[in-house]
**Student:** 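There's a structure below that I have some questions on.
Throughout, numbering of the chain's residues begins at 1 and tracks the sequence.
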Amino acid sequence: MPAPALPRNPSLDELRTQIVFSLLALSLDDLTKVHAATFEALRDHHPTVVLGQHATWDAQTLAGLKIRHVDRRLDGHVESFVEALVGAYGGRDAEGVQHYLRGRSVSEIKRTVLGPEVTIVAQWIASIAKETSKKLRAWGPIFEADLADAEAVTKASAAADVANRLFREKGPLAEHTAALERARDELHNKLDALRIAQKGALPADWVSGFFLAPRRAAKNEAERKARADARAAKKLEAERKTAARAEALQKLREARAALKALAKK
């Protein structure tokens, strides 16, 4: 017979609370002390899982900071390049400037962190190489380096996200949760057999006292739906950003290939 179900997607703190509750409950009863060792091992292993989870979260945080760092540097270079264009062509409305801006403001280009800006700058590189002004052509290698960094930090961010997901879904956290579930089910069976062996000396609900009661369900269906919708919206937004960056990286690869081909001519 299985033990009461754990909370859905339990947090690290919830897992430890479940472990410690059963461990202490077992240790207080002379009939059940013998079964405490498994939960002691789970409690002792828990800090290792916590450290591993913190490491994956830290990697995600670092990747996000690097993305913002590269994005700010690229923003600054875009601003300076447009200023150089305006100086070279004599005004923002000049054809040479609008060839790059295409009616967009610098603020519009910079708006999303390593979003469309990466694609736009990638498309600029081939045109920059054809500029007659040496000062304008000098921006080509600068943007090339910026886009290479953008590609690297975007890949690192995606890898950090994958590492965190695997840690939780298939790695140490998933294994730790599964081990706790197995331990609880085995304990439930052993305690129930012990209760039966006592031939009525123990109350019918005796076994349940060794398991922490599950959290209450959401108050109503509307609340459950709102939470589910919020999670779905967050996931869709993350997937949208990932798709946008993937598209930008593809444009970057095409632009870099075009630039290398141009350099060979």
**Student:** Quick one: pull up CD1 in Ile196 and CG in Leu191 and give me the separation to the nearest 0.5 Å.
**Tutor:**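 One gets 11.0 Å once the value is rounded to the nearest 0.5 Å.
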**Student:** Show every donor-acceptor pair shorter than 3.5 Å between a side-chain atom in residues 40-54 and any protein atom, with sequence neighbours excluded, or say none if there are none.
**Tutor:**
unit_1	atom_1	unit_2	atom_2	d
His46	ND1	His176	NE2	3.0
His46	NE2	Leu12	O	3.1
Gln53	OE1	Arg168	NH1	2.5
Gln53	NE2	Thr56	OG1	2.7
Gln53	NE2	Asn164	OD1	2.9

**Student:** For Asp192, is there an ion pair with Arg195 - N to carboxylate O distance below 4.0 angstrom?
**Tutor:**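 Salt bridge between Arg195 and Asp192, a charged N being under 4.0 Å from a carboxylate O: yes.
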**Student:** Once rounded to the nearest 0.5 Å, what's the spacing between atom CG of Leu23 and atom CG of Leu28?
**Tutor:**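 So the CG of Leu23 and the CG of Leu28 are separated by 9.5 Å.
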**Student:** Please report the C-alpha distance between Leu187 and Leu26 in whole Å, then the side-chain angles of each, then the deciding distance to 0.1 Å, and finally whether the side chain to side chain contact (heavy atoms under 4.5 Å, CB included) criterion is met.
**Tutor:** CA-CA 10 Å; Leu187 177 64; Leu26 290 167; 3.8 Å; yes
**Student:** If you round to the nearest 0.5 Å, how far is CG of Leu85 from CD of Glu83?
**Tutor:**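 Separation between the atoms: 10.5 Å.
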**Student:** If we only count heavy atoms from C-beta on, is the Pro7 to Gln18 side-chain gap below 4.5 Å?
**Tutor:**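 The answer is yes, as the side chains (C-beta and beyond) meet within the 4.5 Å cut-off.
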**Student:** Is there a side-chain contact between Phe39 and Val20 in this structure, where contact means two heavy atoms from C-beta onward sitting under 4.5 Å apart?
**Tutor:**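 When only atoms from C-beta onward are counted, Val20 and Phe39 do not touch, as no gap falls below 4.5 Å.
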**Student:** What closest approach, in Å, do Asp146 and His77 show between heavy atoms, and which atom pair accounts for it?
**Tutor:**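 Reported closest heavy-atom pair: OD2-ND1, 2.5 Å.
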**Student:** Kindly say whether Gly103 contributes a backbone atom to a donor-acceptor pair with the side chain of Gln98 at under 3.5 angstrom?
**Tutor:**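 Indeed, once roles are kept as given, a pair shorter than 3.5 Å links the two residues.
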**Student:** Are Trp57 and Phe167 connected in the hydrophobic side-chain network, where two residues link if heavy atoms are under 4.5 Å apart?
**Tutor:**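 Cluster IDs for Trp57 and Phe167 match.
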**Student:** Could you tell me which non-hydrogen atom of Gly209 sits nearest to which non-hydrogen atom of Ala25, and how far apart they are?
**Tutor:**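 Heavy atoms only, the tightest pair is O-CB, 4.1 Å.
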**Student:** Roughly how far, to the nearest 0.5 Å, is NZ of Lys66 from CG of Leu114?
**Tutor:**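 It is 13.5 Å, given to the nearest 0.5 Å.
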**Student:** I need the minimum non-hydrogen distance between Val97 and Gly91, along with the two atoms involved.
**Tutor:**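 Result for this residue pair: CG2-O, 3.3 Å.
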**Student:** Could you report the tightest heavy-atom contact between Ala160 and Ala63, atom names first, then the distance?
**Tutor:**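 Reported closest heavy-atom pair: CB-CB, 4.4 Å.
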**Student:** Can you see which heavy atom on Asp185 is nearest to which on Ala3, and at what distance?
**Tutor:**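 That closest heavy-atom pairing would be OD1-N, 2.7 Å.
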**Student:** For a ring pair (Phe, Tyr, Trp, His ring centres under 6.0 Å) with Tyr100, tell me which candidate from Trp139, Phe143, Trp124 qualifies.
**Tutor:**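 Considering Trp139, Phe143, Trp124, a ring pair (Phe, Tyr, Trp, His ring centres under 6.0 Å) with Tyr100 is found only for Trp124.
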**Student:** To the nearest 0.5 Å, tell me how far Arg184 CZ sits from Ile19 CD1.
**Tutor:**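 Taking CZ in Arg184 and CD1 in Ile19, the distance rounds to 10.0 Å.
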**Student:** Hydrophobic clusters here meaning ILVMFWY residues chained together by side-chain heavy-atom distances under 4.5 Å, can you tell me if Leu31 and Val207 are in one?
**Tutor:**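 Leu31 clusters together with Val207.
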**Student:** With side chain to side chain contact (heavy atoms under 4.5 Å, CB included) as the test, would you mind laying out the steps for Leu173 and Leu15 before giving the verdict?
**Tutor:** CA-CA 10 Å; Leu173 180 55; Leu15 285 175; 3.7 Å; yes
**Student:** Provide the closest heavy-atom pair for Thr112 versus Pro116 in the form atom of the first, atom of the second, distance.
**Tutor:**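 Between these two residues, the closest heavy atoms are CB-CD, 3.9 Å.
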**Student:** Donor-acceptor check, side chain of Ser157 to backbone of Thr154, threshold 3.5 angstrom: yes or no?
**Tutor:**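 Pair absent, no side-chain N/O of Ser157 close to backbone of Thr154.
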**Student:** List the steps and the verdict of side chain to side chain contact (heavy atoms under 4.5 Å, CB included) for Ile125 and Leu147.
**Tutor:** CA-CA 10 Å; Ile125 292 177; Leu147 296 183; 3.5 Å; yes
**Student:** Looking at side-chain heavy atoms only, is the closest gap between Pro4 and His188 below 4.5 Å?
**Tutor:**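 The answer is yes, as the side chains (C-beta and beyond) meet within the 4.5 Å cut-off.
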**Student:** If you define the side chain from C-beta out and look only at heavy atoms, does anything of Lys110 sit under 4.5 Å from Glu79?
**Tutor:**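 With C-beta onward as the side chain, the pair touches.
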**Student:** Does some side-chain heavy atom of Leu136 sit less than 4.5 Å from a side-chain heavy atom of Ile128?
**Tutor:**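 They are not in contact (no side-chain heavy atoms under 4.5 Å apart), so the answer is no.
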**Student:** Check whether any side-chain heavy atom of Val121 lies under 4.5 Å from a side-chain heavy atom of Phe81, and answer yes or no.
**Tutor:**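 Answer no - side chains too far apart.
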**Student:** Enter the distance from Asp75:CG to Arg68:CZ here, rounded to the nearest 0.5 Å.
**Tutor:**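 Reported to 0.5 Å precision, the distance equals 10.5 Å.
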**Student:** Any chance you could lay out the side chain to side chain contact (heavy atoms under 4.5 Å, CB included) test for Val153 and His69, step after step, and finish with the verdict?
**Tutor:** CA-CA 10 Å; Val153 296; His69 177 75; over 6 Å; no
**Student:** Is it the case that atom CZ in Arg92 sees more than 12 heavy atoms from other parts of the structure closer than 6.0 Å?
**Tutor:**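 12 or below, so no.
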**Student:** Short question: side chain of Ser22, backbone of Phe211 - any donor-acceptor pair under 3.5 Å?
**Tutor:**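 No, the answer is negative, given that no donor and acceptor are paired below the 3.5 Å cut-off.
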**Student:** If you count the non-hydrogen atoms of other residues, nucleotides and ligands that lie under 6.0 Å from CZ in Arg16, is the total more than 12?
**Tutor:**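 It does not: Arg16 CZ has 12 such atoms or fewer within range.
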**Student:** Should we say atom CZ of Arg104 is surrounded by more than 12 heavy atoms from elsewhere, each under 6.0 Å from it?
**Tutor:**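 Atom CZ in Arg104 is crowded, with more than 12 foreign heavy atoms closer than 6.0 Å.
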